[in-house]
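Written out below as structure tokens is the structure these notes cover.
Order of the sequence lines fixes the chain letters, A, B, ..., with proteins taken first and strands second; residue numbering starts at 1 for each chain.
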There are 2 protein chains.
Amino acid sequence: MARLPPTIRCQGRSNCFDCTLRHEMVCSEVTLDELIDFHTGIEDFDYGHGAALFEMGAPTEGVYCIRHGAVKIVKHDQAGNQRIIRVLKKGDIAGIESAFSDHYEHSAVAVGDVRACRVPIEYFRNFVATHGNLQMRLLKTSQATLRETEDWLSELTVGNLPARTRMARLLLRLKVTADGDRIHRFGVEDMAAILGIAAETVSRVVSDFVREGILVKGGKSFATRYFRGDLPALEKIAREA
Amino acid sequence: MARLPPTIRCQGRSNCFDCTLRHEMVCSEVTLDELIDFHTGIEDFDYGHGAALFEMGAPTEGVYCIRHGAVKIVKHDQAGNQRIIRVLKKGDIAGIESAFSDHYEHSAVAVGDVRACRVPIEYFRNFVATHGNLQMRLLKTSQATLRETEDWLSELTVGNLPARTRMARLLLRLKVTADGDRIHRFGVEDMAAILGIAAETVSRVVSDFVREGILVKGGKSFATRYFRGDLPALEKIAREA
DNA sequence: CGTGTACTTGAGTGGGCTCAAGCAGGGTGG
DNA sequence: CCACCCTGCTTGAGCCCACTCAAGTACACG
């Protein structure tokens with residue numbers, strides 16, 4: 001914290017200069033002064049396993065840049081069933097789909113420990129409204145999210161594919177970083193809600209993977225648990241028809 | 001065609017003044033002259049059952065406003081399997097997700113007879129680039145499409161729900177108009193590709209619905225076939241857990 | 001050290017899959 | 001005009017994966 005330039009008045013431990021949102025925002029029209037002004041009011045938050053960043057239906061009050069951990073984006077249907085629509089990881093931005101609605105479209109819930117910084121929605125909207133190029137940038141972001149969701153749909157929820165294959169695909173998508181073998185370890189109920197299968201089936205498949213040495217469990221508490229995955233093996237299973 | 005104001009140089013039979021894209025585009029900054037200029041170069045096309053408006057991977061050359069019929073938006077995975085991501089109906093716009101990419105992200109294929117008018121991509125991009133408010137409007141459109149796709153995902157592809165329930169939900173989404181009981185009648189393979197189930201299962205469920213009087217087949221050729229649905233009955237089935 | 005939650009594992013069932021054969025009907029060519 | 005074919009749809013039989021129900025286990029936390 002001490003190392004942050006004093007002109008950046010982040011109230012938490014955020015390193016605003018390293019922020020994805022900043023990269024998202026920066027374009028030729030935006031001066032550093034504006035950026036500093038924009039960052040005013042940003043706050044840093046910690047969330048424990050299961051804590052909600054925001055709830056579906058609540059008034060939109062900010063967008064969140066995930067700085068550590070994984071966040072599940074959840075939709076509830078009228079019957080009360082939960083369905084996980086998307087998973088956000090470090091560097092992703094939560095709530096941007098609701099930035100121009102009055103209320104959040106989904107809930108965002110921490111899986112394990114999460115650190116995120118919140119940009120108040122008025123700041124965000126004002127900034128977007130006053131910078132023309134930004135809208136174009138956000139449009140492309142939105143379309144990228146759409147593509148991501150479509151991939152999710154077509155890869156993970158193909159009912160006629162074996163659970164084992166879909167599980168492998170999911171695990172590959174839950175990698176913490178693009179290069180490492182560390183994988184976010186969700187609870188069995190969560191994975192079931194993503195793949196649309198029974199929790200027992202998830203447990204069986206994961207147990208198989210562990211027995212086969214494809215997955216290794218790590219970490220003790222919910223907050224810090226993870227898998228290490230044999231990525232080539234997972235990719236092989238993921239490719240199976 | 002004869003009734004169109006002569007200043008509107010539509011080359012086909014389009015009624016540009018009644019176009020969804022126009023409603024999409026119109027904002028305070030846009031003058032009528034600009035709009036007329038924009039509509040220059042728009043062409044009208046007919047497509048038979050199975051004809052492609054555009055193919056995934058091909059260079060983006062336009063966006064299409066669907067004026068009649070239904071269009072399936074298709075993604076191919078590396079194994080060559082088809083998956084229908086979305087269905088467009090009268091008034092929807094195809095290819096807008098690819099408007100700022102070099103190549104189309106999906107294929108768009110006619111189901112039955114389709115009429116659509118094409119806006120050349122240079123016109124579209126130029127128009128968007130020169131009208132700031134438009135980007136905001138497109139951003140909201142993009143986010144609405146995202147929400148639609150998420151609903152599609154969470155309602156139709158829940159693996160643990162019976163095929164009968166998901167079929168009912170699909171049929172309700174394939175209504176030709178919001179108010180009528182007429183439903184776009186897709187082939188069994190297509191419906192299977194949407195729900196991620198086997199074609200035989202689709203056939204069985206549809207046959208059941210017909211026997212129960214919930215669906216009535218209409219039309220003879222692929223081009224003009226349709227269902228009439230007992231909407232209350234379908235809604236009841238769609239609600240079942 | 002007890003308790004609760006999350007996970008694991010088993011047994012039995014059933015929905016949907018696969019394989020396979022039969023059917024309908026629109027289009028084509030003789 | 002009719003026979004044929006070809007494609008898409010229907011229907012049946014048998015099987016298997018994943019579901020449900022249910023009991024047992026492990027481990028984090030107080």
Side-chain angles (χ1 to χ4, degrees), chain A residues 48-50 72 81-82 109 111-113 156-168 170 184-212 215-227 237 240-241, chain B residues 48-51 72 81-82 109 111-113 156-168 170-171 184-212 215-227 237 240-241:
Chain A
H49 180 72
K72 57 180 177 182
N81 306 322
Q82 293 207 348
V109 178
V111 178
D113 280 343
L156 263 30
T157 69
V158 199
N160 46 12
L161 248 50
R164 186 178 164 87
T165 301
R166 294 193 279 155
M167 193 68 214
L170 173 58
H184 285 295
R185 181 167 154 207
F186 281 49
V188 288
E189 297 281 0
D190 281 344
M191 287 175 161
I194 294 172
L195 297 176
I197 61 180
E200 293 91 332
T201 304
V202 172
S203 173
R204 275 182 247 270
V205 173
V206 169
S207 298
D208 286 347
F209 284 167
V210 170
R211 272 187 286 269
E212 295 167 30
L215 283 182
V216 177
K217 290 178 180 175
K220 299 180 193 291
S221 65
F222 285 95
T224 60
R225 75 223 280 241
Y226 60 90
F227 287 123
I237 296 166
E240 285 167 9
Chain B
H49 179 72
K72 56 180 177 182
N81 307 321
Q82 293 207 347
V109 178
V111 178
D113 279 344
L156 263 30
T157 69
V158 200
N160 46 12
L161 247 50
R164 186 177 164 87
T165 301
R166 293 193 281 155
M167 194 67 215
L170 173 58
L171 288 165
H184 285 295
R185 181 166 153 208
F186 280 50
V188 288
E189 297 282 359
D190 281 344
M191 287 175 161
I194 294 172
L195 296 177
I197 61 180
E200 293 91 333
T201 304
V202 171
S203 174
R204 276 182 247 269
V205 174
V206 170
S207 298
D208 286 346
F209 283 167
V210 170
R211 272 188 286 271
E212 295 166 30
L215 282 182
V216 177
K217 291 178 180 175
K220 301 179 192 295
S221 65
F222 285 96
T224 60
R225 76 222 280 241
Y226 61 90
F227 286 123
I237 296 166
E240 286 167 8

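- More than 12 non-hydrogen atoms from other residues, nucleotides or ligands lie less than 6.0 angstrom from CD of B:E240.
- With sequence neighbours excluded, the residues forming a side chain to side chain donor-acceptor pair (under 3.5 Å) with A:D190 are A:K72, listed by chain and number.
- In this structure, the CG atom of A:D113 is 15 Å from the P atom of D:dA28, given to the nearest Å.
- Summary of the strand contacts: A:G219 and A:A198 both lie near DNA chain D, and taking for each the nucleotide with the nearest heavy atom, the more 5' one is attributed to A:A198.
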For nucleotides 14-16 of chain D, tabulate all protein N/O to nucleotide N/O atom pairs closer than 3.5 Å, reporting atom names and distance.
none

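- Atom OG1 of A:T157 and atom CD1 of A:I197 lie 11.5 Å apart (nearest 0.5 Å).
- Rounded to an integer number of Å, the gap from B:H49 NE2 to C:dG27 P is 12 Å.
- Comparing D:dA28, D:dA18, C:dG16 by their nearest atom to the side chain of A:P162 picks out D:dA18.
- B:M167 contributes atom CE, which lies 4.0 Å from atom CG of B:L171 (distance to the nearest 0.5 angstrom).
- Taking atom CD1 on B:I197 and atom C1' on C:dG14, their separation rounds to 16 Å, with Å as the unit.
- You'll find the side chain of B:F227 reaches within 4.5 Å of the side chain of B:K217, heavy atoms only.
- For the pair A:L195 CG and D:dC19 C1', the interatomic distance rounds to 15 Å; values are reported in whole Å.
- Annotation: side chain of B:L170 is not in contact with side chain of B:F186 (no heavy-atom distance under 4.5 Å).
- Rounding to whole angstrom units, CG of residue B:N160 and P of C:dG16 are separated by 11 Å.
- We find the OG1-CZ distance between A:T224 and A:R185 to be 9.5 Å, quoted to the nearest 0.5 Å.
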Footprint string (nucleotides 3-11 of chain C, 5' to 3'): B base within contact, S backbone only, - free, heavy atoms under 4.0 Å:
---SSBBBB

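- Remark: side-chain polar atoms of B:R225 are not paired, donor with acceptor, to backbone N or O of B:G219 under 3.5 angstrom.
- When all heavy atoms of B:H49 and B:G112 are compared, the closest pair comes out as ND1-N, 2.9 Å.
- Atom-to-atom, NZ of B:K220 to P of C:dG25 comes out at 10 Å; the value is rounded to the nearest Å.
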